[in-house]
**Student:** 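Following this message is one structure expressed as structure tokens.
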Amino acid sequence: MRVEIWSDIACPWCYIGKARFTKGLAEFAHRDEVEVVFRSFELDPNAAKGVTAPVTEMLAKKYGRTLDEARAMEEHVAASARAEGLQYRIDGRDHGNTFDIHRLLHLAEARGRQEELLDLAYRANFGEERSVFDPEVLIALAVEAGLDEAEARAVLADDSAYADQVRADEREAAELGANAVPFFVLDRRYGISGGQPAEVFTRALEQAWAGREVPEPDAGAGACEPGEACTVPPV
């Protein structure tokens with residue numbers, strides 16, 4: 001079975017959803033026969049490259065909230081992340097264009113190190129005092145994931161490197177009707193949107209493996225849409 005996951009490193013529910021999917025997969029009897037592939041999806045493709053802003057300030061401005069309200073939104077999401085055993089800091093995080101990160105993730109896929117780099121990038125973005133929008137941080141993460149430093153630098157220096165692969169992923173997401181992330185596709189037959197509970201993923205994998213229709217999951221699960229607010233379901 002093949003599972004494709006469309007996500008963006010800037011999406012907190014993608015971070016949480018990946019952790020929940022991993023837990024759900026661990027409970028699936030045929031987990032060793034599941035191939036997981038991560039696909040690109042930019043929540044803010046029009047963000048200027050090299051320009052960043054604090055996340056709480058971005059949220060307040062984008063959704064017409066006060067800084068205190070934006071921080072409360074972040075605290076709620078943080079509680080969901082921490083319930084999954086994930087680090088989640090609110091202060092010191094920034095927001096920016098994620099295209100270069102997606103390009104490096106495609107390099108990592110070609111070298112068999114995609115999930116390693118994705119996990120490191122999520123941890124740096126949400127749990128550590130490292131900005132994934134800093135090219136030198138990205139290079140350090142790539143090396144930590146097992147990629148060649150010179151090759152990673154060459155990709156970042158060439159805006160066209162793996163750009164077609166990122167755009168192809170995004171076109172496929174649109175064709176599949178994905179308008180929010182995370183978005184999970186099982187064997188190109190079943191789609192699941194949002195950071196569902198782990199048991200939902202386990203059940204979906206079991207149903208898909210058996211060739212049965214996968215039940216519609218909870219529509220209220222956490223997800224992020226381009227240009228829209230990330231949903232914040234109850235913790």
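Residue indices begin at 1 and follow the sequence shown.
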**Student:** Take R89 and E74 through the salt bridge (Lys or Arg N to Asp or Glu O under 4.0 Å) test and state the conclusion after the steps.
**Tutor:** CA-CA 9 Å; R89 63 189 173 92; E74 277 285 276; over 6 Å; no
**Student:** As an exercise, state the distance from CZ of F133 to NE2 of H95, rounded to the nearest 0.5 Å.
**Tutor:** 6.5 Å
**Student:** Given the side-chain rings of F201 and F184, with only the six-membered ring counted for Trp, is the space between their centroids under 6.0 Å?
**Tutor:**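 Distance test on ring centres: under 6.0 Å, yes.
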**Student:** Verify salt bridge (Lys or Arg N to Asp or Glu O under 4.0 Å) between R167 and E170, making sure each step is shown before the conclusion.
**Tutor:** CA-CA 5 Å; R167 297 304 183 213; E170 293 174 336; 3.0 Å; yes
**Student:** I'd like to know if E136 pairs up with R153 as an ion pair, taking the criterion as any Lys NZ or Arg NE/NH1/NH2 lying under 4.0 Å from an Asp or Glu carboxylate oxygen.
**Tutor:**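 Between R153 and E136 there is a salt bridge, with a charged N closer than 4.0 Å to a carboxylate O.
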**Student:** Can we say R130 and E144 salt-bridge, meaning some charged N sits less than 4.0 Å from an Asp/Glu carboxylate O?
**Tutor:**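 Salt bridge present between R130 and E144.
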**Student:** Between atom CG of D148 and atom CG of L107, what is the distance when rounded to the nearest 0.5 Å?
**Tutor:** 9.0 Å
**Student:** In the structure I gave you, are the side-chain heavy atoms of Y190 and V185 within less than 4.5 Å of one another anywhere?
**Tutor:**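 Y190 vs V185: side chains apart.
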**Student:** Using a strict 4.0 Å threshold on nitrogen-to-oxygen distance, state whether E115 and K18 make a salt bridge.
**Tutor:** yes
**Student:** Salt bridge between E116 and R111, side-chain N to carboxylate O under 4.0 Å?
**Tutor:** no
**Student:** Which residue is it: T98, D100, N97? I am looking for the one with a side-chain hydrogen bond (donor to acceptor under 3.5 Å, both in side chains) to K49.
**Tutor:** D100
**Student:** Is there a side-chain contact between R39 and I5 in this structure, where contact means two heavy atoms from C-beta onward sitting under 4.5 Å apart?
**Tutor:**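 No, their side chains stay 4.5 Å or more apart.
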